[in-house]
*Asks:* 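Sending over a structure as structure tokens; questions will come in a sec.
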Amino acid sequence: MAFHLQPLLHLHHPYAGVYAVVKKIPRGKVATYGQIALLAGMPRAARQVGLALRITPGSIKIPWHRVINAQGQISMRQHDWQSGGDDYQRVLLENEGIEFSAAGKINLKKFRWLPPSPPSLEMPCC
DNA sequence: TTTATGGCTGTCA
DNA sequence: ATGACAGCCATAA
């Protein structure tokens with residue numbers, strides 16, 4: 001059929017918006033869950049972003065590791081903190097040049113990704 | 001439908 | 001700086 005022209009974009013997925021935003025985070029930068037939620041048009045739905053990333057289909061390739069919590073730390077699934085897989089995300093980030101403090105935190109002032117159109121800094125055209 | 005639970009966040013002690 | 005709490009909102013039971 002003529003409808004498989006969009007096989008790479010999972011537009012049917014309820015969190016397609018989230019994935020689209022996460023995909024925009026450039027290498028060497030990070031964003032917070034709340035930030036992603038805001039950009040995806042669902043303010044204060046930070047937890048849903050976490051859920052979205054958690055259930056991300058393997059067929060969707062996104063830099064999920066560049067999404068961290070507002071404290072500048074890595075959030076991990078309850079499932080992982082006991083299996084010790086928490087360092088994985090950190091390794092990926094360090095690989096991109098992101099630095100961690102001794103307490104394992106990232107300086108958001110320095111590494112936070114600033115989206116192209118910052119929300120509500122100015123009034124819409126006059 | 002009601003309750004519980006999150007890869008969260010801001011506030012307050 | 002750290003810990004407890006209350007909002008937040010989509011899933012899972």
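Keep in mind that this is a model prediction, so the values were computed, not measured. Here is how names work: the chains are called A, B, and so on, in the same order as the sequence lines, proteins then strands, and each is numbered from 1.
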*Asks:* Determine the interplanar angle of the Y19(A) and Y15(A) rings, folded into 0 to 90°, and report it as parallel if under 30°, tilted if 30 to 60°, perpendicular if over 60°.
*Replies:*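 Ring orientation of Y19(A) relative to Y15(A): perpendicular.
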*Asks:* With a 4.5 Å limit on heavy-atom distance, are the side chains of T56(A) and I62(A) in contact?
*Replies:*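 Yes - at least one pair of side-chain heavy atoms lies under 4.5 Å apart.
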*Asks:* Which heavy atom in N69(A) sits nearest to a heavy atom in T32(A), and how many Å separate them?
*Replies:*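 Of all heavy-atom pairs spanning N69(A) and T32(A), the closest is O-CG2, 3.8 Å.
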*Asks:* Output the rounded distance in Å from CD1 (I55(A)) to C1' (dT5(B)).
*Replies:*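 It is 15 Å, rounded to the nearest whole Å.
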*Asks:* Starting at atom CG of N69(A), determine the distance to atom P of dG10(B), rounded to an integer number of angstrom.
*Replies:*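 Those two atoms, CG and P, are 10 Å apart.
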*Asks:* Without decimals, in angstroms, what is the distance between L53(A) CG and dC8(B) P?
*Replies:* 10 Å
*Asks:* Report the distance from atom CD of Q48(A) to atom C1' of dG7(B), rounded to the nearest whole Å.
*Replies:*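 For the pair Q48(A) CD and dG7(B) C1', the rounded distance is 12 Å.
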*Asks:* Which whole number of Å gives the distance between the P atom of dG7(C) and that of dG7(B)?
*Replies:*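 Going atom to atom, P in each nucleotide, I get 22 Å.
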*Asks:* Under 4.0 Å, heavy atoms only, any strand: does V49(A) hit a base, just the sugar-phosphate, or nothing?
*Replies:*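 Nothing, no nucleic acid heavy atom in range.
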*Asks:* Any side-chain heavy-atom pair from V18(A) and L39(A) closer than 4.5 angstrom?
*Replies:*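 The answer is no; the side chains never approach within 4.5 Å.
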*Asks:* Applying a 3.5 angstrom cut-off to the pairing atoms, does DNA chain C sit in any stems of at least three consecutive Watson-Crick or G-U pairs? List them by first number.
*Replies:* B:2-6 with C:9-13, B:8-13 with C:2-7
*Asks:* Within the 4.5 Å heavy-atom criterion, are E96(A) and K29(A) side-chain neighbours or not?
*Replies:* no
*Asks:* Looking at side-chain heavy atoms only, is the closest gap between I68(A) and Q73(A) below 4.5 Å?
*Replies:*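 No - every pair of side-chain heavy atoms lies 4.5 Å or more apart.
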*Asks:* Distance check needed: dG7(B) C1' versus I62(A) CD1, whole Å only.
*Replies:* 12 Å
*Asks:* Is the NZ or CZ atom of R90(A) both under 6.0 Å from the centre of the six-membered ring of F100(A) and within 45° of that ring's axis?
*Replies:* yes
*Asks:* Given atom CZ of R47(A) and atom P of dT5(B), what is their separation to the nearest angstrom?
*Replies:* 11 Å
*Asks:* Does some side-chain heavy atom of Q35(A) sit less than 4.5 Å from a side-chain heavy atom of P115(A)?
*Replies:*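 They are in contact (side-chain heavy atoms under 4.5 Å apart), so the answer is yes.
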*Asks:* Could you state the CD1-C1' distance from I25(A) to dG7(B), rounded to the nearest angstrom?
*Replies:* 14 Å
*Asks:* At a heavy-atom distance below 4.0 Å, which nucleotide of DNA chain C is the first touched by chain A, and which is the last?
*Replies:* dA1(C) to dT11(C)
*Asks:* Relative to the 5' end of DNA chain C, which residue comes earlier, R44(A) or L51(A), by the nucleotide with the nearest heavy atom?
*Replies:*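 Mapping each residue to its closest nucleotide by heavy atoms, the 5'-most match is R44(A).
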*Asks:* Are T32(A) and dT9(B) close enough that a side-chain N or O sits under 4.0 Å from OP1 or OP2?
*Replies:*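 T32(A) to dT9(B) OP1/OP2: side-chain N or O found under 4.0 Å.
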*Asks:* Could you state the OH-P distance from Y15(A) to dG6(B), rounded to the nearest angstrom?
*Replies:* 15 Å
*Asks:* Quick one: does Q48(A)'s side chain get under 4.5 Å of Y33(A)'s, heavy atoms only?
*Replies:* no
